[in-house]
Amino acid sequence: MPDETTPSARLAAILAALFPDGHAVAVADGLVTGDGPFGEGRLAVIGIDSDTALGIEGACLLAGRVLDVARAGGGTPILVLVDSDSQRMSRRDELLGLNEYLAHLAKALLLADAQGHPTIGLLYGHSAAGAFIATALATRVLAALPGAHPSVMDLPSVARVTKLPLEKLEAMARSTSVFAPGLDNMVRTGAVQVTLDPAKPLGAQVAALIAEAPTSDTRDALGRERGGRPLAHDIAARVMREAEGRVVRGV
Amino acid sequence: MEKLSFRHATRTALPGTRASAITGVVASGNLEVLLERNLAPDACHVEIDTAINGYGEVWAAVVADFVARRQPGGLTITINDGGARPDTVSLRLAQGARLMEAP
Amino acid sequence: MDWKPVALSTAPLDQSWYEASARARLAGLLDADTFEEFIGPAQRMMSPHLPLFELPRAFDDGMIVGRGRLDGRDVLVAAQEGRFMGGAFGEIHGAKLVGLLRAALAVKPAALLILFDTGGVRLQEANAGETAIAEIMRAIAVTRAAGIPVIGLIGGRAGCYGGGGLIAGTCAHLVISEGGRLSVSGPEVIETNRGAEEFDSRDRALVWRTMGGKHRRLIGAADAFVDDTIGAFRAAALAAIPTAPTFDLASLEAEQARLEARLARFGDAQDATEIWGRLGVNDPAAVPGLTTEAFDTLLDSLPERPHHAR
Amino acid sequence: MDWHQERTAREARLERARPHADGKIVPAARVVDLLEAILQPGDRVCLEGDNQKQADCLARGLSACDPSRVHDLHMVQSGIVLPEHLDIFEQGIARRLDYSYSGPQGGRIARMLYGGQIELGAVHTYLELFARYFVDLTPNVALIAGVSADRDGNLYTGPNTEDTPTVVEATAFKNGVVVAQVNEVVDRVPRVDIPGDRIDFVVEADRPFYVEPLFTRDPAAVTETQILMAMMAIKGIYAEYGIRRLNHGIGFGTAAIELLLPTYAERLGLKGRIATHWALNPHPSLIPAIESGWVKQIHCFGSEVGMDRYIRARPDVFFTGSDGSLRSNRAFCQTAGLYACDLFIGSTLQIDLQGHSSTVTTNRVAGFGGAPNMGSDPHGRRHPSDTWMKAGREAGGTGDPALRRGRKLVVQLVETFGDKLVPTFVERLDALELARKLDLELAPVMVYADDVTHIVTEEGIANLLLCRTLDEREQAIRGVAGYTDVGRGRDHAEVERLRARGVIRRPEDLGIEPLDADRSLLAARSIKDLVHWSGGLYEPPAKFRNW
């Protein structure tokens with residue numbers, strides 16, 4: 001087992017706020033696992049701390065904990081705390097099948113949720129790319145704390161790939177949320193459903209998220225409402241109508 | 001990006017009954033051509049969205065030759081162009097016409 | 001190197017999957033003339049975002065979805081066009097697949113097939129693409145839980161990278177060819193971030209033995225390895241329908257055990273050939289040169305069958 | 001009168017060098033000492049830089065020499081390929097240059113010529129430079145490359161013999177000093193390509209010499225347009241003239257022709273009637289035609305990376321030594337291409353209204369290599385062939401037919417637009433602007449108009465042999481120039497008249513449907529297909545693999 005390490009100050013504060021009576025959440029190699037008393041029952045916790053990149057060992061370990069919760073039953077909700085880098089970029093991780101490990105972690109969260117363990121994501125720092133998809137984005141409800149800064153790719157990298165000047169991209173980023181990094185843009189696309197209020201008790205806000213979690217995936221509807229993804233919801237709905245034969249298709 | 005639009009009259013309608021067809025892929029040096037049979041039999045409209053500016057005259061010549069050769073009456077032809085060379089454009093237009101002529 | 005005569009056939013099913021367009025793949029994969037497209041090109045549902053970047057758009061946004069028949073059975077299909085924007089997920093591209101998966105619950109097809117050909121998220125629409133990938137993965141879980149097999153076919157020019165690799169990992173069954181590559185970070189991305197010592201992206205043999213179809217099949221990341229023909233993918237898709245595992249705790253616990261065992265067994269391996277050797281392959285260096293037939297024979301001769309819980 | 005001054009000078013050079021050698025053998029670490037001992041200011045030096053193989057260890061050594069001891073050299077070598085080939089001019093080690101080809105260094109050489117850092121003699125064709133080695137550019141010192149040597153200096157050049165025998169012949173027999181770098185010193189070489197008494201010193205290189213796979217064209221990149229052009233060339237030229245003896249350029253268009261031989265040409269019933277005898281590097285894309293029994297024999301300028309095992313297994317087709325490996329020779333193969341081939345077909349970047357062609361742009365001096373030798377009508381030819389005679393008849397002329405010579409077919413196979421929509425057909429070659437900028441007496445023209453017989457584009461074939469006036473020639477060229485400005489500037493009525501006369505032939509005039517130009521016609525659609533065709537004998541370099 002990796003050695004236990006100290007949680008980041010932000011994580012420690014979050015855990016203290018969630019579990020005023022103490023908890024059994026530990027951090028090792030940037031991976032967060034454990035649980036604590038929450039309301040009438042317990043709240044299971046997994047996560048990534050300190051901007052750690054998610055590799056095959058981490059994904060495997062976190063998925064195992066999620067499946068432990070699912071196997072135990074009882075409807076224990078699962079909180080996924082995220083301050084991560086992107087997926088770990090290495091030849092070894094890819095050689096051993098990083099795509100399977102990341103997908104497996106996401107599937108474990110999706111299965112647990114489907115089996116009555118509401119999954120709540122809480123983004124309190126960075127996250128990007130495959131690590132973001134496998135953790136925070138695989139939950140039923142994704143919330144963020146102010147100051148969180150998710151991104152798919154930073155603007156200098158976008159500039160390199162698209163061969164557009166950085167200044168132009170920065171200008172575009174101010175008017176177009178669809179490609180620009182940052183929490184506000186992820187809120188607008190509907191990926192992050194809500195930004196929590198740091199002035200209010202965190203436990204109550206998380207409890208409310210669990211209680212009010214939508215039963216279906218509403219992210220594209222949110223994206224339309226918020227203007228970050230103007231078309232996604234309508235396109236998906238249109239495909240459904242055509243597939244289900246509810247419209248006469250044009251050519 | 002540049003938008004171009006050409007209106008041509010044809011002597012005849014393009015044979016066949018197929019209502020629409022698509023050929024090609026938008027990629028660097030390639031293009032997609034969507035053909036729809038929705039005009040009067042002696043009319044052909046060509047609408048182009050091209051990634052490369054300043055080739056209007058070349059497009060005009062390519063389209064005019066295609067119309068003269070294939071007589072694509074009745075068709076609206078819409079093109080998304082990723083910077084294809086004229087020979088590729090001619091080839092895709094001919095491929096599209098052949099698809100539309102299929103019985 | 002193992003070898004065989006090169007086919008000069010012009011029959012549609014003998015054509016290269018790798019070379020074919022997404023539409024040609026669908027036309028050959030499905031029973032003749034059975035494909036019906038949803039939101040076809042004439043509806044011109046094109047990306048509203050690409051013009052901001054002065055980039056040309058495609059009528060189908062690089063994602064073709066619809067229904068058809070596979071040996072008489074109703075299936076839903078989605079195909080990515082790897083040559084348009086590298087097959088990357090943008091807002092419309094992704095939403096079409098989301099809608100198709102959601103529709104499967106009502107349509108109840110015999111299977112839903114995803115023809116992958118993608119470099120991952122489309123940077124110009126990064127947030128929309130990333131979110132769509134998450135929606136797709138959730139919808140696949142729901143679809144599979146309802147007993148509908150979601151089957152991925154990988155053999156295109158762009159491979160299956162980034163979020164596409166995660167979606168593939170969510171499918172019930174994967175068919176892959178030599179040309180197909182399945183991974184999260186691509187070789188160029190790793191080289192850019194970590195240097196050529198970590199991954200020399202120009203060493204094509206290294207790329208293929210790290211991410212290519214044969215390696216993925218040998219370690220159990222894919223369920224079937226097929227020739228690069230449309231006919232071979234069709235046959236493998238058909239064979240997959242009755243065998244695809246459902247989405248439940250038992251499947252995922254088996255996958256957990258499978259992935260833990262892989263880490264324990266191969267976690268210290270430096271190269272794919274080392275893994276293949278430990279799997280019981282006598283001449284690992286010869287594997288990349290094997291024909292599909294010889295590779296299948298090799299798989300049969302190994303002491304253990306690849307284990308596919310997913 | 002002392003008739004032995006050169007020999008005495010040579011002995012002095014060898015004497016100075018001996019302390020750095022063990023017999024003939026010199027360790028790589030002593031290369032600089034060796035070169036500083038041998039070289040004298042103002043020497044004419046051939047630093048072997050071929051089309052393919054490079055004496056790179058010796059090049060690094062030369063560029064590490066002390067410019068106060070080694071300076072003002074006159075470099076006489078066919079290829080300017082490695083950075084060191086130009087570094088020595090910046091360092092003052094070399095001053096004057098006569099060369100043939102500078103592909104990858106074309107941009108830098110232009111800048112240095114412009115900046116006056118290089119004093120240019122001339123840009124030659126290969127045969128021209130080789131010829132001058134024996135007349136007025138004989139090297140004092142040759143720095144060459146081989147695969148292995150024994151302690152007596154017997155040299156095995158390996159399949160890439162290329163320029164080495166020519167360079168050594170000129171240097172060793174005219175009192176020069178020859179230094180060979182080899183990948184290894186062995187007890188016995190596989191075969192003796194250069195006898196040891198022509199080699200003065202052998203340097204065991206720190207790493208094997210570099211060879212670039214220049215002649216590998218991935219079938220996966222062949223386009224429908226290139227296939228259409230290849231179909232037209234096969235049906236409208238190869239079949240028409242019954243071309244058996246030929247040379248191909250290295251473009252994708254000619255690769256497409258090679259890949260269509262066992263399929264399209266086979267269906268036309270042309271097997272055995274065309275493309276049987278070649279002057280050609282071992283192109284991997286020719287493997288399907290060889291395996292299908294099309295090819296009788298091939299003589300090579302050099303070799304190609306990955307083709308060694310295949311060539312060894314096909315000695316009936318290739319020229320091989322008693323050891324089994326390929327024996328190539330650039331000078332002989334260029335001569336073969338010039339005098340014994342009836343057709344050269346290749347590509348170019350620009351063609352003007354007369355038919356002059358050039359591969360230079362205003363910022364690059366790429367040189368000529370061998371294309372002008374292949375792509376020219378040799379007036380010294382005297383043996384007839386049906387192809388040559390037919391072309392001669394088409395070219396017309398007056399007087400007794402027995403006094404009219406034949407013509408070599410020189411075909412330009414070009415797409416009307418190149419990369420980034422740059423037109424191939426132009427009113428004025430960039431070469432003229434370059435000549436003006438660099439104050440060159442001759443514009444760098446690759447193939448002169450009077451040598452070109454046919455131009456093939458995706459729009460059709462222009463047969464320039466049949467043109468009787470300059471005006472006809474211009475309209476014939478405009479008539480296949482597609483949608484370039486030159487093409488759109490055609491006289492439509494004149495072009496139709498030329499078409500009626502068969503001067504211009506469109507695909508439909510040849511019975512070719514452009515929509516049939518499909519990749520399924522290619523005998524191999526990938527490098528892997530080529531490996532399968534070869535029975536696993538072809539071993540492509542890593543960068544061409546996708547498995």
Side-chain angles (χ1 to χ4, degrees), chain A residues 56-57 60 63-64 67 70-71 87 89-91 94-104 106-108 110-111 114 130 132-134 137-138 152-153 158 161-162 164 172 176-179 185-186 189-191 217 219-220 228-232 235-240 242-244 250-251, chain C residues 38-40 42-43 45 48-49 52-53 65 67 91-92 95-96 98-100 102-103 106-107 121 123-128 130-131 133-135 137-138 141 145 163 165-166 168-170 182-185 189-190 193-194 198-199 210-211 219 221 249 252-253 255-256 259-260 262-263 266 272:
Chain A
I56 49 180
E57 288 87 357
C60 198
L67 291 178
R71 192 182 311 110
Q87 74 272 10
M89 293 184 190
S90 83
R91 190 164 70 88
E94 296 302 345
L95 175 69
L96 291 172
L98 181 62
N99 80 299
E100 290 177 88
Y101 286 87
L102 294 183
H104 176 68
K107 282 186 289 186
L110 292 166
L111 179 85
F132 193 29
I133 298 174
L137 286 174
V152 178
M153 197 184 254
V158 175
V161 176
T162 60
L164 289 173
M172 286 166 72
T176 314
S177 60
V178 73
F179 78 96
N185 295 316
M186 271 298 170
T189 62
D217 195 338
R219 288 176 283 194
D220 54 357
R229 280 195 296 161
L231 294 174
I235 292 284
R238 212 159 134 180
V239 170
M240 289 171 71
E242 293 195 17
E244 292 162 16
V251 205
Chain C
F38 308 143
I39 315 190
Q43 298 194 34
M45 290 306 305
H49 311 297
L52 295 172
F53 293 85
V65 297
R67 74 159 69 90
E91 178 171 0
I92 291 177
K96 285 166 92 169
V98 171
L100 190 78
R102 289 179 184 163
V107 174
V121 168
L123 284 183
Q124 295 81 357
E125 307 179 21
N127 300 334
E130 184 107 334
T131 312
I133 286 165
E135 290 168 334
M137 289 169 68
R138 187 193 282 197
L166 271 75
T170 314
L182 173 58
S183 224
V184 186
S185 309
V189 173
I190 298 176
N193 282 281
R194 301 274 309 276
E198 174 69 20
F199 206 138
T210 307
M211 306 173 166
I219 64 168
L249 186 59
L252 287 195
E253 289 197 314
E255 184 173 51
Q256 180 77 26
L259 296 179
E260 283 176 4
R262 186 189 293 167
L263 269 181
F266 308 122

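Reminder, nothing fancy here: chain letters follow the sequence lines and each chain counts from 1.
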(message) Under 4.5 Å from any heavy atom of chain C, what part of Ser90(A) do you find: side chain, backbone, both or neither?
(response) both
(message) So which atom in Arg229(A) and which in Glu91(C) form the shortest heavy-atom distance, rounded to 0.1 Å?
(response) C-OE2, 2.9 Å
(request) Mark yes or no for whether Glu198(C), through its side chain, and Arg91(A), through its backbone, hold a donor-acceptor pair below 3.5 Å. (result) yes
(message) Which atoms of Ala63(A) are under 4.5 Å from chain C, going by heavy atoms: the side chain, the backbone, both sets, or neither?
(response) both
(request) Output the option from Leu110(A), Asp217(A), Leu164(A), Asp220(A) having the highest count of non-hydrogen pairs under 4.5 Å with chain C. (result) Asp217(A)
(message) I need the residue from Ile56(A), Leu67(A), Asn99(A), Leu98(A) with the largest number of non-hydrogen atom pairs under 4.5 Å to chain C.
(response) Asn99(A)
(request) List for me each residue that meets side-chain contact (heavy atoms from CB on, under 4.5 Å) alongside Ala191(A), sequence neighbours excluded, and say none if there are none. (result) Leu137(A), Met186(A), Thr189(A), Thr131(C)
(message) Quick check on the interface: out of Thr176(A), Leu96(A), Asn185(A), Leu102(A), who has the most heavy-atom pairs with chain C under 4.5 Å?
(response) Leu96(A)
(request) Specify the closest pair of heavy atoms between Leu166(C) and Ala103(A), including all atoms of both residues, with the distance to one decimal. (result) O-CB, 3.4 Å
(message) Taking side chain as everything from C-beta outward and backbone as N, CA, C, O, which of these in Ala114(A) sits under 4.5 Å from a heavy atom of chain C? Side chain, backbone, both or neither.
(response) neither
(request) Could you tell me which portion of Ala141(C) (side chain, backbone, both or neither) has an atom closer than 4.5 angstrom to a non-hydrogen atom of chain A? (result) side chain
(message) Heavy-atom pairs under 4.5 Å with chain C - which of Arg219(A), Arg71(A), Glu57(A), Glu94(A) has more of them than the others?
(response) Glu94(A)
(message) Using every non-hydrogen atom in the two residues, find where Arg262(C) and Ala221(C) come nearest and quote the distance to one decimal.
(response) NH2-N, 4.1 Å
(message) Heavy-atom pairs under 4.5 Å with chain A: which of Ile133(C), Leu259(C), Leu52(C) has the most?
(response) Leu259(C)
(request) Side chain from CB out, backbone as N, CA, C, O: work out which of these in Glu100(A) comes under 4.5 Å of a heavy atom of chain C, or both, or neither. (result) both
(message) Please check this pair: side chain of Lys107(A) against backbone of Gly169(C), looking for a donor-acceptor N/O pair closer than 3.5 Å.
(response) yes
(request) First locate atom CZ of Phe132(A), then atom CD of Glu130(C), and finally report the distance between them rounded to the nearest 0.5 Å. (result) 6.5 Å
(request) Below 4.5 Å from any heavy atom of chain A, which atoms of Met45(C) appear? Answer side chain, backbone, both or neither. (result) side chain
(message) Going by the rule side-chain contact (heavy atoms from CB on, under 4.5 Å), which residues pair with Ala272(C) if we only count those two or more places apart in sequence or in a different chain?
(response) Leu95(A), Arg209(C), His215(C), Trp276(C)
(request) For Glu260(C) and Cys60(A), indicate whether the former's side chain and the latter's backbone hold a donor-acceptor pair under 3.5 Å. (result) no
(message) Looking at chain C, which one of Met89(A), Met172(A), Gln87(A) has the largest number of heavy-atom pairs inside 4.5 Å, strictly under?
(response) Met89(A)
(request) Check each atom of Arg194(C) against the heavy atoms of chain A and say whether the ones under 4.5 Å are side chain, backbone, both or neither. (result) side chain
